[in-house]
There are 2 protein chains.
Amino acid sequence: MSDTKIRNMEEFAAVSGISRPTISKYFHDPDSVRPSTRERIERALETYDYRPNIFAMNQNRKLTKNVGIVVPYLADPFFAEIARQLEQRCIEAGFRPTLFSAHGQQDLENDILDSLRSLKPAGVLLAPLGRASDRKTVESFCADVPTVLFDSNIEGVGEAFVGSDNFSFVSQTVEYLTRTGDPPCFFEMMTPANPNANKRRLAYLEMMERLGLEPHVIKIEGEGWAFEEIGRQGALRILDAGGFPTNIVLCSNDRLAIGLLSACYERGFRVGRGEGCALRVASHDDHPFSRFTCPSLTTAAHDYDAVANCAIGTLNDLIEAGGRFQKRTETLFAARLVLRASA
Amino acid sequence: MSDTKIRNMEEFAAVSGISRPTISKYFHDPDSVRPSTRERIERALETYDYRPNIFAMNQNRKLTKNVGIVVPYLADPFFAEIARQLEQRCIEAGFRPTLFSAHGQQDLENDILDSLRSLKPAGVLLAPLGRASDRKTVESFCADVPTVLFDSNIEGVGEAFVGSDNFSFVSQTVEYLTRTGDPPCFFEMMTPANPNANKRRLAYLEMMERLGLEPHVIKIEGEGWAFEEIGRQGALRILDAGGFPTNIVLCSNDRLAIGLLSACYERGFRVGRGEGCALRVASHDDHPFSRFTCPSLTTAAHDYDAVANCAIGTLNDLIEAGGRFQKRTETLFAARLVLRASA
DNA sequence: AGAAAAGTTTTTCGCGCGTAAATTTTTGGA
DNA sequence: TCCAAAAATTTACGCGCGAAAAACTTTTCT
């Protein structure tokens with residue numbers, strides 16, 4: 001290992017005795033050069049430890065290996081987990097993922113999309129903010145860059161959508177809860193940021209009507225992404241004002257449920273199915289921590305694996321198809337009911 | 001708004017009637033061009049909506065505004081939260097942050113550092129994997145790129161370290177627990193990935209010796225980043241084998257504590273200070289979720305604000321100092337004891 | 001063996017922009 | 001009004017690399 005620093009491909013070409021474009025070909029595909037040439041390059045590589053500048057590489061490339069992954073709020077463990085899986089699979093598929101979080105802010109989401117244009121990505125996996133997204137900006141971005149939406153759908157935007165079937169989530173929890181007890185009330189935020197929340201409420205209403213039961217939708221106040229605190233405050237208010245209309249509460253998502261469980265514990269309401277339990281609580285998402293709540297949370301689980309696999313697969317197909325699909329596809333995955341102690 | 005797409009600065013210069021380098025100056029600092037020129041550019045900007053390619057900009061820039069932020073495991077809410085704060089402050093300070101997660105893997109950490117060299121960052125904020133880091137690679141990276149370490153210190157590596165004072169964390173929890181009850185035992189992983197864990201154990205031992213009390217360190221098995229599950233399994237084994245040596249458990253970190261609380265609930269051990277409580281549990285970090293555990297978790301809180309502020313400030317100073325400090329500095333922030341229901 | 005075909009390497013140019021040096025324009029003072 | 005200094009703009013070149021076209025080798029087949 002020599003200690004002379006190689007600053008660029010030109011210098012490395014000089015010390016290895018081969019022209020720069022051949023070196024470039026080697027890094028693009030080591031098998032594309034003659035074995036004898038390859039050996040010379042690799043011998044030089046052992047001595048000088050040079051690696052091409054990845055951004056200069058992409059500057060003039062026809063098709064990069066870059067993939068952008070955008071989530072609305074990375075400090076939400078649900079998105080952290082899905083982002084982790086997507087990144088891993090991207091790398092396995094030979095792509096170079098770059099992760100972005102909009103931190104719940106529209107201007108940041110717009111900035112991210114701008115940055116992504118500069119990155120010249122082969123494709124983008126985008127989970128938009130939802131209600132807070134700047135639709136025009138997202139639309140114009142998707143028109144220029146091959147994009148697969150996930151988690152939150154925006155009708156007609158992007159080449160494809162991969163997500164979860166909210167009706168499957170809610171129908172399974174409602175069915176289970178009614179089968180094993182009283183009909184549930186539905187606990188949600190008044191103005192949810194995520195469009196899935198609206199679909200879940202509609203699914204709840206439809207299921208209740210189908211079963212001939214009276215629905216109770218409880219909307220609590222609160223803005224932003226601090227769902228646990230919003231759920232806790234909302235639940236405290238309700239508990240202190242006489243309690244829920246039924247003794248079974250179905251939460252729109254696990255983070256709200258975590259707050260609700262916390263409030264129940266604080267006020268001494270025991271949650272679960274056993275003797276002496278005042279309330280049963282179920283929810284949706286299978287948040288990474290829902291297994292560790294007290295009691296552990298009964299919930300409808302996303303098929304994280306399938307969603308991540310399908311998103312990457314769809315993106316791969318999209319890229320191989322040249323960035324456009326004949327027609328926009330929507331793939332939804334059913335939920336898996338996870339029975340735990342809370343209901 | 002015209003619909004002719006401007007592809008680069010050259011084309012924008014043509015339609016605005018000004019030379020490209022002047023346009024370049026404008027985007028670098030709008031005040032650096034004559035007001036009349038600026039007005040002409042901005043008028044053209046309204047018509048043609050062009051934005052420079054950020055990666056081409058950095059290609060030949062002397063000093064970029066890029067900042068790399070690297071964390072060991074982004075799906076850990078502690079790191080998600082600190083990363084969120086760092087990103088926000090970077091943007092406020094006029095930098096362009098890019099976030100990376102090593103996902104707990106050494107090879108990914110190494111790859112990230114390689115990518116970061118290509119990004120030509122003005123500086124990097126690096127929270128290394130710790131025990132799993134490839135010290136040589138990190139060292140060589142820090143020698144080439146101005147780097148501030150945070151969270152996990154690696155002696156002598158990087159220009160500065162910003163983190164929390166583990167002794168302050170442990171001394172406060174131990175002092176509080178002994179003052180209000182029996183001496184605590186210490187609950188930790190057998191082979192912690194993070195060096196802070198070792199410092200916390202040593203602090204516990206020192207504090208117990210200082211107080212003339214017998215220490216009990218309980219080491220549980222488990223590898224990886226699924227701390228909650230590791231804590232839960234370890235606690236279940238201990239509870240089923242007769243319980244903890246004392247009725248006060250001090251956990252090395254909140255994620256282990258979350259697992260322990262879950263195990264206690266499962267086995268019917270009531271945690272807290274009140275009547276009928278079998279155990280008191282305290283911990284360290286003030287994990288975003290620790291407020292919502294059942295019972296809510298007494299813990300020593302990081303000063304997230306101060307750490308994030310100081311890290312960005314130090315990085316700023318480092319960049320303004322040309323990338324090197326006279327001598328390496330280490331800044332540690334004291335903990336703030338947060339009394340909640342678990343102890 | 002000789003020429004065409006196939007495979008490699010090199011030449012040349014371009015990506016989108018920054019920057020130092022050269023040129024032009026503006027400003028300010030006599 | 002004129003000229004030098006200051007400010008603004010333009011010229012010319014470079015960053016690190018990809019890609020098409022040209023030049024050169026090696027293989028293949030008659």
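Chain identifiers are assigned alphabetically (A, B, ...) following the order of the sequence lines, protein sequences preceding nucleic acid strands; residue numbering begins at 1 within each chain.
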**Study point:** A:E39 atom CD, neighbour heavy-atom count above 12 within 6.0 Å
**Key:** no
Review point. Between B:D151 and B:N194, does any side-chain donor sit less than 3.5 Å from a side-chain acceptor?
Key: yes
Check your understanding: In degrees rounded to 10°, what angle is found between the helical axes fit to the five outermost pairs at each end of the helix from C:dA1-D:dT30 to C:dA30-D:dT1?
Key -> 30°
Review point. Does CZ in A:R131 sit with more than 12 non-hydrogen atoms of other residues, nucleotides or ligands closer than 6.0 Å?
Key: yes
Check your understanding: In whole angstrom, what separates A:I23's CD1 from D:dC17's P?
Key -> 11 Å
Practice item. Would you grab the first and last nucleotide of DNA chain C (5' to 3') that comes under 4.0 Å of any non-hydrogen atom in chain A? Key: C:dT8 to C:dG16
Point to revise | Length of the line joining A:N53:CG and D:dG14:C1', which is rounded to integer Å | key: 15 Å
Exercise for review: Check whether any side-chain N or O of A:R328 sits under 3.5 Å from a backbone N or O of A:G158 as a donor-acceptor pair, and report yes or no.
Suggested key: yes
Check your understanding: If you look at every strand shown and take non-hydrogen atoms under 4.0 Å, does A:F12 touch a base, only sugar-phosphate, or nothing?
Key -> nothing
Review point. Judged by modelled atom types alone, do A:S133 and A:Q106 share a side-chain donor-acceptor pair under 3.5 Å?
Key: no
Check your understanding: CD1 of A:I6 versus C1' of D:dC17: gap in Å, rounded?
Key -> 16 Å
Check your understanding: So which of residues 15-22 of chain A are in contact with DNA chain D, with a heavy-atom cut-off of under 4.0 Å?
Key -> A:R20, A:P21
Exercise for review: Please state whether the base of D:dG16 and the side chain of A:N8 form at least one donor-acceptor pair under 3.5 Å?
Suggested key: no
Practice item. Would you please say whether a donor-acceptor pair under 3.5 Å links the side chains of A:T22 and A:S19? Key: yes
Practice item. With heavy atoms under 4.0 Å as the rule, sort A:K25 into base, sugar-phosphate or nothing. Key: base
Exercise for review: Would you please confirm or rule out a distance under 4.0 Å between OP1 or OP2 of D:dG18 and any side-chain N or O of A:S24?
Suggested key: yes
Point to revise | Distance-only side-chain donor-acceptor flag, A:D29 / A:S32, under 3.5 Å | key: no
**Study point:** Separation of atom CZ in A:F55 from atom C1' in D:dG18, rounded to whole Å
**Key:** 17 Å
Exercise for review: Using distance alone, with no hydrogens and no angle criterion, decide if B:H103 and A:Q88 have a side-chain donor and acceptor under 3.5 Å apart.
Suggested key: no
Review point. Counting only N and O atoms by type, is there a donor-acceptor contact under 3.5 Å from the side chain of A:T314 to the main-chain atoms of A:C310?
Key: yes
Review point. Toward the 5' end of DNA chain D, which comes first, A:R7 or A:L63, by nearest nucleotide?
Key: A:R7
Check your understanding: Salt bridge check: are B:D31 and B:K25 linked by an N-O gap of less than 4.0 Å?
Key -> no
Exercise for review: Please check if any side-chain donor atom of B:Q326 sits under 3.5 Å from a side-chain acceptor atom of B:E159, or the reverse.
Suggested key: no
Check your understanding: Under the ring pair (Phe, Tyr, Trp, His ring centres under 6.0 Å) test, which residues partner B:F325, sequence neighbours left out?
Key -> none
**Study point:** Non-neighbouring partners of A:D317 that pass salt bridge (Lys or Arg N to Asp or Glu O under 4.0 Å), sequence neighbours left out
**Key:** none
Practice item. Provide, to the nearest angstrom, the distance between the CG atom belonging to A:N58 and the C1' atom belonging to D:dG16. Key: 12 Å
Review point. Which residues, if any, of residues 26-43 of chain A bring a heavy atom under 4.0 Å of DNA chain D?
Key: none
Review point. With no hydrogens and no angle check, do the side chains of A:S16 and A:R43 hold a donor and an acceptor under 3.5 Å apart?
Key: no
Review point. Nearest-Å distance, CZ (B:R61) to P (D:dG16)?
Key: 16 Å
